[in-house]
Amino acid sequence: MAANWAERISAFSRRPSGFLSGTTAEAFLAELLRELRDDRATYSVKILLLSPLCEHPTLLCCSDSVGEETALELMSVFAQCPPKSVQFRCHLLLALTSVLICTSCVKSHSRASLDFLDVLLQIAQDTSDIHTDGSQRPLRAIACECLRELEACCPGLLSQRLELLGGLWQQETSRLHQAYAELYTLVLRNAIYQLTQETGAGAEHLKALLGGNTSAAWEADQESGLASSKDSAILSSLILGPMGTVPTLHTGPDCKELRSVLSTLLDESYLLTPLCQATLLRRLTEVVAMVPGVPPAIFRTHLLRLLGTSEVSLLHATLLLKCAFTDSLFSSEDEAFILKRLVVLSQHLLLSTPEKLFYMDCILHFPENRPISCGDGDETLPVLLTPQLASALVPTVFNDSATLLARFNMLSLVYLEEGEEGQGGQGLAYLYEHLSSLLSMVENGCGRELVVTFFRAAFLFLYYFCHVERYSNDLTKQLCQLYLNHTKLAPHFINLADQTQDRLSESSWSVGLLKALQRVITEAPLTQLTSHDLSRHLKMLARVAEEGEIIQQSTLTFLSSIITPSSSSLCTGGDWRLGNEILRVCRHLLVHPSLDSLLTPLADVLQLLVCHYADMEIQDHARLYYTLLTTLSREKLAGVLAQGMEEGGRQDKKQSLSCLIGEGLTSTLTIQQTERAVFRLIEAPPEPRAGDINSNEVQKGPEEASASMEAYRDQFSDSSFASEITLQYQLVHINSHDSHFDQLFSIRLHFSLTDHHYEELGDISVPCLLRERPSAIVQLTLKPRKPYPTSLHASAIFTSPDGHTWHTTLPDIHVAFQQTFLPLPVPSNWGRGGTLSVFEGLWDEICSESGDSAMSLFCCQLKEAALNTLVEKHFLPFLISDASHKEEFKVLFFLPPRSHILLKVSSEEDAVHFNIATDNWELLSHINSYLLKITSLQEDTLS
Amino acid sequence: MTVRGLWIISHENGGNLSIRFSRRFSTVEHRAKSLAGSSYVAVPEESTFLQLLLTELGLSDSGKNYVALRDDCLYRPRSPALELHVDGPAKGILWPVLTVSQGPLILACLPLVDVPPDPRPPLASLLSVSQGLTLLAGLQTFLLGSGSKPDSEGLGSRLAMVPSVLLQVCPLGTPLDVPLPGTPATPTAPTSVGTQKQPAWKTGLHRGRAVVNIGLIETVRSMQYGNRSRQDLWDVYGTVTCKCEVEGVLPNVTVTLSLPPNGSPLQDILVHPCVTSLDSSILTASSVDNYDGSAFSGPYKFPFSPPLEPFRLCSYTSEVPVPPILGSYQLKEEENQLRVSVTLKLHESIKNSFEFCNAHLPFFNRDQMGVVDMKVSSGQLDVSKEKNLLVWVLGQKFPKSREVTMEGKINFSGPTPGPSDPLCTKLTAYVKLHFKVPDMTLSGCYVDQHSVQVYSSAKPRIVTSRELQSKEYYIWNSTGTAPVSSGQMMM
């Protein structure tokens with residue numbers, strides 16, 4: 001079990017989120033607390049169990065109330081734990097502190113936190129073991145540390161206990177006095193800070209604070225002070241340098257008590273470890289800064305010891321002292337001495353590299369007595385740092401990378417300030433010589449770290465001295481040579497070019513370097529070129545091609561020479577990667593400002609790739625570029641390619657085509673879906689039907705009825721005869737106010753069936769749909785298998801004016817039964833007689849046949865006039881009998897492919913009779929509902 | 001003045017770097033959150049932290065030639081404080097991450113920024129930075145021991161002790177002390193109940209015979225070019241190490257360093273924090289200053305109260321007029337062979353009695369040595385063909401003439417290439433001297449046994465010693481280009 005816990009706890013601390021995803025925080029916390037109460041568990045395991053609570057209390061205690069409960073649990077564990085388990089009790093105190101602080105219980109003065117505070121204060125005061133074995137001393141030390149942390153996180157918490165803590169500190173003679181001293185100074189500092197926030201607080205209050213005899217009135221003030229100091233200002237360091245303002249407490253010169261406390265603390269600081277001395281010094285610095293009544297000279301007797309120290313934190317605390325009090329504590333001689341000291345320490349053999357680097361940082365942020373700049377955090381050279389002094393810090397090849405660069409930077413600043421004459425010039429010459437020796441080490445094939453260091457040093461040099469042409473030009477020359485010998489450094493070169501271009505926008509050094517690199521690459525003999533070299537050259541040239549100022553002819557000549565089949569085997573090799581790298585160069589050339597002059601050679605190169613490169617994909621891409629180059633105008637080409645390039649930027653490592661269609665073009669080339677329907681199809685108003693039968697009266701059909709039937713039937717030997725119905729629709733905008741879609745182009749309508757009664761429909765194209773123009777007419781040709789009413793799904797793809805392609809769904813199109821009606825398909829030269837004889841023939845057949853045929857009768861109440869109107873309105877195109885012959889109307893609906901519905905409509909006494917005959921009985925229900933509909937409509941309109 | 005977290009990273013058995021120990025200080029994190037406000041960046045989980053740290057240290061993707069994140073030329077590793085670029089939902093820059101590394105070990109901590117975070121404050125304004133560095137250095141010494149070669153077994157057992165060590169030195173993220181090297185201090189016997197407070201840095205009290213041991217070691221470095229255009233360089237620094245076994249809570253000891261009558265003053269003196277007071281004249285001389293003939297030249301008194309363990313009382317540098325051994329090294333490239341000529345001359349002021357004195361002549365970027373035809377006027381020559389190295393063992397004494405020579409030819413016809421070095425190409429080559437001279441210092445500085453004062457009841461036994469040793473003592477081939485090693489030569 002113990003081993004299991006060790007594993008689980010380490011899994012938790014390695015990855016709390018992952019661990020808790022397998023369980024819940026509540027469950028894990030409950031488990032931990034249960035195990036902590038378990039007597040069988042050993043203390044070493046229990047100590048382990050506390051670590052999640054110490055390190056991640058807020059993950060386990062999700063709310064303040066859980067924190068409070070957990071703390072109460074831990075306190076009861078603490079109360080039950082035998083005193084001899086000192087280690088476990090120490091860890092319990094730490095866990096309690098973590099839980100209570102992090103869940104804000106302390107801030108809200110919760111019960112548990114007040115109880116805990118009492119426990120801690122009790123432990124801190126319990127010196128009963130002093131005459132025995134001192135075994136409880138670690139517990140007391142930890143209790144003090146917990147109190148200090150509580151005060152640090154909730155400043156002012158212990159202000160009322162200042163006198164008690166002071167007493168404990170003064171009485172303690174064991175090593176523990178350090179813990180009390182640290183606690184006391186922090187509480188003192190916070191209490192004084194709070195006093196500075198009180199209006200009218202002064203010497204009396206300070207005296208009262210130190211004496212502990214606080215008056216009731218002042219206590220009330222204190223409470224309000226606590227409440228108002230919620231902001232983090234009190235947590236922040238108060239050593240702000242000459243430009244900051246520290247809150248002050250005006251006491252007048254009379255603050256003997258404080259002065260004596262501070263003197264004792266300072267005198268005894270020697271007894272503290274260097275780390276605690278440094279903390280104490282900083283706290284006291286803050287106190288003295290807040291109370292002008294205490295002169296900073298109080299520190300003076302300790303300065304020499306501090307300035308001579310080998311301890312970094314002590315010297316640092318002294319620098320902070322200087323930062324806070326400047327010339328009220330340090331003379332200008334002191335200042336010069338400290339600076340020299342820092343220079344010495346920055347290169348001292350006995351110090352570690354991080355310490356030396358830290359001291360160099362201190363030089364660049366030196367707290368001068370009279371600073372010239374406002375100290376906004378930038379690196380500035382102290383006035384006293386002469387080139388002579390700084391020369392102790394020149395970089396050498398024996399330095400490690402970090403030191404080398406830090407020195408390079410500092411010396412660059414020094415020589416920049418000196419100018420190019422005299423010492424500055426000499427120094428600059430030295431720096432350049434140093435850079436050259438680094439370069440030659442890179443040339444000689446040093447390790448990666450040194451390579452990176454060289455390029456960083458080169459960047460620093462250029463950053464400061466780019467304008468000194470004799471060096472920057474020479475550097476370009478040397479770099480080119482380096483590149484030719486070490487092409488694998490290409491990414492470093494590109495990075496250097498990029499960064500110098502970005503950071504030194506007014507300088508053209510970067511372009512110069514690229515130009516020079518282009519020259520050496522294109523002029524070098526091709527014979528010894530390995531494919532690795534070539535790949536790096538192409539990367540380089542692609543970067544070069546990004547520069548509009550650089551003429552690209554030589555690049556193209558180079559490209560052409562490496563892919564010309566006669567001079568190189570590159571094409572026949574058909575390396576996909578190299579091919580892409582060539583294309584990448586080409587892509588940059590396609591958008592190069594001087595494209596006009598590159599047109600022919602670039603086209604030639606692309607053509608060569610298309611024809612000879614032994615990789616299909618490369619050929620295709622090259623073809624695409626070729627097409628783009630030869631068909632698009634320059635602006636369009638730039639537009640198409642620029643999107644991909646802009647977004648990819650320089651860093652883009654994508655291969656050419658994927659880049660072209662990726663990124664910005666995605667939206668152009670992918671089809672987007674409209675949120676709602678944009679337009680729909682509505683039935684067009686019927687045109688006047690051609691072929692009005694009456695006009696053909698003179699013409700005759702076959703003489704005999706049987707002959708007419710035969711002729712009629714013969715027509716159907718052609719299966720496509722009269723098999724289609726054509727419906728007219730209007731494409732109209734749906735009335736929404738999305739102006740984005742006011743003008744639509746290249747609309748392609750697509751229909752799909754909802755049943756099997758019709759043949760599939762073809763797509764229909766509509767050139768444009770403009771809101772302000774008349775709507776477009778769409779002819780829908782349906783080829784029924786069975787002439788039933790149906791619905792069609794419709795969708796469309798179209799282009800909006802911004803060039804985007806959209807897909808949209810239209811409302812369904814309903815094809816009504818009557819829309820499938822056609823007039824009797826007889827030759828147009830047949831007169832009424834012919835059609836009539838077909839009608840009679842069909843009628844007779846239907847009457848005599850059974851099978852699919854059927855007869856039916858539909859009756860309704862209609863006045864004569866109403867009937868006439870109905871016939872005129874609905875049946876006219878299908879009327880076989882003479883319209884004037886009103887006793888009986890003969891109507892024939894032909895329904896493709898082969899169905900007929902024949903009506904004999906006559907007014908009888910009681911009602912109008914619709915005698916129906918059809919050769920497809922399945923249509924009866926449809927005709928029935930159709931008739932019902934039109935007759936009821938007629939009734940409505942008349943009534 | 002506090003750290004938010006602490007990480008110990010080392011190579012696993014396989015060689016991969018992994019986090020061997022980590023500790024987050026939740027209460028400090030709580031403060032960090034309220035101090036940083038909107039610019040707060042949480043500490044990422046272990047694996048992310050490790051990955052980001054290794055990238056910043058340039059240790060990630062060691063197989064790759066160029067990684068943009070790692071190798072960008074714009075980035076200057078502002079060690080000791082690194083930036084970790086945290087990605088994901090808690091995006092931001094974690095700063096300042098302090099690291100120290102030595103051998104197989106990388107230690108890192110994240111100090112609390114207790115000044116307004118925007119704009120980024122200078123490191124110098126954060127006391128927690130120097131304290132964090134001290135803590136890391138202390139942990140490093142604890143984990144690796146004093147020996148330069150760390151053993152993985154010892155490291156493992158010491159790593160296991162880190163939690164209990166932290167309970168003493170940094171229980172809640174505020175470093176209180178550095179761990180004592182070696183075994184963690186056991187609770188010491190109860191101390192006297194006098195009124196004198198026991199120093200917090202003193203783990204217990206000495207009982208028994210009083211012994212004061214003072215060792216003075218001077219180290220000399222040199223770069224000799226044998227070239228008129230380039231000034232030869234040498235410098236000397238000394239350290240005084242003490243082990244004081246003296247009774248009492250706060251016993252007083254004074255050690256005095258003295259110089260011979262015409263000795264040049266000790267410079268750049270740094271003292272241990274147990275030194276109680278210093279005279280200002282002791283600190284005035286500095287190696288970066290122009291030499292002022294009127295400078296104070298001793299005696300240098302260091303009153304202190306010693307801790308129990310051995311400690312470095314003080315260190316200094318000194319400007320001596322001549323290097324102890326002046327050398328010249330000349331190489332001449334002849335057909336298929338190298339003609340070598342070395343002369344070493346011991347200065348007359350140096351005691352001709354070495355503990356050892358060896359000259360190493362490595363040859364880089366060449367094939368292995370074939371025929372070595374060398375003659376030495378004194379001592380003996382060892383040839384290590386594998387390492388392409390000649391070791392000239394000069395023994396304990398130079399001859400009466402105080403001058404030794406080595407002449408001859410080397411043929412680099414070995415079957416395999418020898419070791420390579422980016423610096424030492426072509427005729428850029430050096431002789432490196434390793435020597436130690438007991439009972440002498442170059443500066444002449446000494447600790448007079450009788451000047452050591454111990455204010456304690458029993459008369460202590462006082463032992464003093466001194467020695468001179470070399471370090472980075474190079475004699476460059478004067479016929480080749482030698483690297484510049486210091487800026488002092490140009491001014």
Side-chain angles (χ1 to χ4, degrees), chain A residues 14-15 55 57 94 98 101-102 134 145 149 153 173 175 177-178 232 235-237 271-276 279 282 304-305 308-313 316 340 343-344 349-350 354 357-358 361-362 365 377 389 391-392 394 396-398 402 405 430 441 444 446 452 455-456 459 491 495-496 499, chain B residues 1 24 26-27 30-31 34-35 45-46 58 65-66 71-74 76-77 79-80 100 114-115 119-124 127 130-131 133-134 137 167 171-172 175-177 190-191 197-201 237 268 270-271 273 277-278 280 283 286 288 315 422-423 425 483-485 487 490-491:
Chain A
R14 258 202 314 276
R15 229 182 120 229
E55 292 192 71
L94 296 181
S98 304
I101 289 177
C102 294
E145 181 62 10
E149 192 65 21
C153 292
T173 57
R175 294 169 67 206
H177 64 82
Q178 169 168 287
S232 61
L235 292 170
S236 297
S237 165
L271 300 173
L272 309 187
T273 62
L275 284 168
C276 287
T279 311
R282 203 194 83 161
L304 267 179
R305 180 174 75 82
T309 190
S310 57
E311 282 287 330
V312 59
S313 56
H316 190 188
K340 264 185 268 175
V343 172
V344 165
L349 282 157
L350 292 171
L357 289 168
F358 173 72
D361 194 80
C362 290
H365 298 100
L389 192 55
S391 70
V394 297
T396 78
V397 290
F398 299 101
L405 292 169
Y430 176 82
M441 286 168 80
N444 293 332
C446 61
V452 174
F455 278 96
R456 287 176 179 163
F459 175 79
N495 176 243
L496 183 67
Q499 297 294 14
Chain B
M1 305 196 286
R24 284 145 187 269
S26 58
T27 54
H30 183 74
R31 274 192 267 167
S34 56
L35 277 164
E45 290 183 348
E46 266 189 22
N65 183 22
Y66 178 85
D71 299 330
D72 194 330
C73 71
L74 178 63
R76 182 154 52 93
S79 175
V100 301
D114 60 356
V115 297
R120 174 175 295 178
L123 277 185
L127 184 60
S130 59
Q131 291 186 317
L133 286 176
T134 308
L167 184 66
L172 283 167
L176 306 171
D177 198 357
T191 51
K197 290 186 178 183
Q198 183 183 345
W201 35 263
Y237 64 95
D268 305 341
L270 293 178
V271 299
S277 65
L278 274 179
S280 66
L283 292 179
S286 163
V288 294
S315 67
L423 197 55
T425 54
V484 179
S485 67
M490 76 187 187
M491 292 305 166

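Side-chain atoms are counted along with the backbone in the values below, which use heavy atoms only and exclude waters and symmetry mates. Throughout, protein chains are lettered first and strands after them, A, B, ... in sequence-line order, and every chain is numbered starting at 1.
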Interface residue of largest heavy-atom contact number with chain B, from [options], under 4.5 Å:
options	result
A:S98, A:G308, A:C362	A:G308
A:E55, A:R14, A:R305	A:E55
A:L496, A:V312, A:L94, A:T279	A:T279
A:R15, A:M441, A:R282	A:R282
A:S310, A:P57, A:C276	A:S310

Largest heavy-atom contact set with chain A, pairs under 4.5 Å, which of [options]:
options	value
B:P422, B:S315, B:C73, B:P199	B:C73
B:S277, B:S286, B:P171	B:P171
B:T425, B:T27, B:L167	B:T27
B:L127, B:N65, B:L283	B:L127

Determine whether the side chains of [X] and [Y] contain a donor N or O and an acceptor N or O closer than 3.5 Å.
X	Y	result
B:D71	A:N495	no
A:S313	B:Q131	no
A:S237	B:D114	no

Answer yes or no: is there a donor N or O on one side and an acceptor on the other, between the side chain of [X] and the main chain of [Y], under 3.5 Å?
X	Y	result
B:R31	B:S26	no
A:H316	B:A124	yes
A:H365	B:L123	no

Item to check | Interchain contact, A:P491 with chain B, by part (heavy-atom threshold 4.5 Å) | outcome: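 For A:P491, backbone and side chain are both near chain B.
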Checklist entry - Which answer fits A:L304, side chain, backbone, both or neither, if we ask what part of it has an atom under 4.5 Å from a heavy atom of chain B? => result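 Its backbone and side chain both get close to chain B.
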Next on the checklist: Taking side chain as everything from C-beta outward and backbone as N, CA, C, O, which of these in B:L176 sits under 4.5 Å from a heavy atom of chain A? Side chain, backbone, both or neither.
Outcome noted: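 Both the backbone and the side chain of B:L176 come within 4.5 Å of chain A.
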Checklist entry - Under a 4.5 Å heavy-atom cut-off, does chain A meet the side chain of B:S280, its backbone, both or neither? => result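 Both parts, backbone and side chain.
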Checklist entry - What residues form a side-chain hydrogen bond (donor to acceptor under 3.5 Å, both in side chains) with A:E145, not counting sequence neighbours? => result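 By the side-chain hydrogen bond (donor to acceptor under 3.5 Å, both in side chains) rule, A:E145 matches A:R148.
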Checklist entry - Got a sec, which residues hit salt bridge (charged side-chain N to carboxylate O under 4.0 Å, His left out) with B:D177, two or more places apart in sequence or on another chain? => result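 For B:D177 there are no salt bridge (charged side-chain N to carboxylate O under 4.0 Å, His left out) partners, ignoring immediate neighbours.
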Item to check | Heavy-atom closest pair, residues B:L133 and A:P354 | outcome: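 Smallest interatomic distance, heavy atoms only, reads CD2-CB, 3.7 Å.
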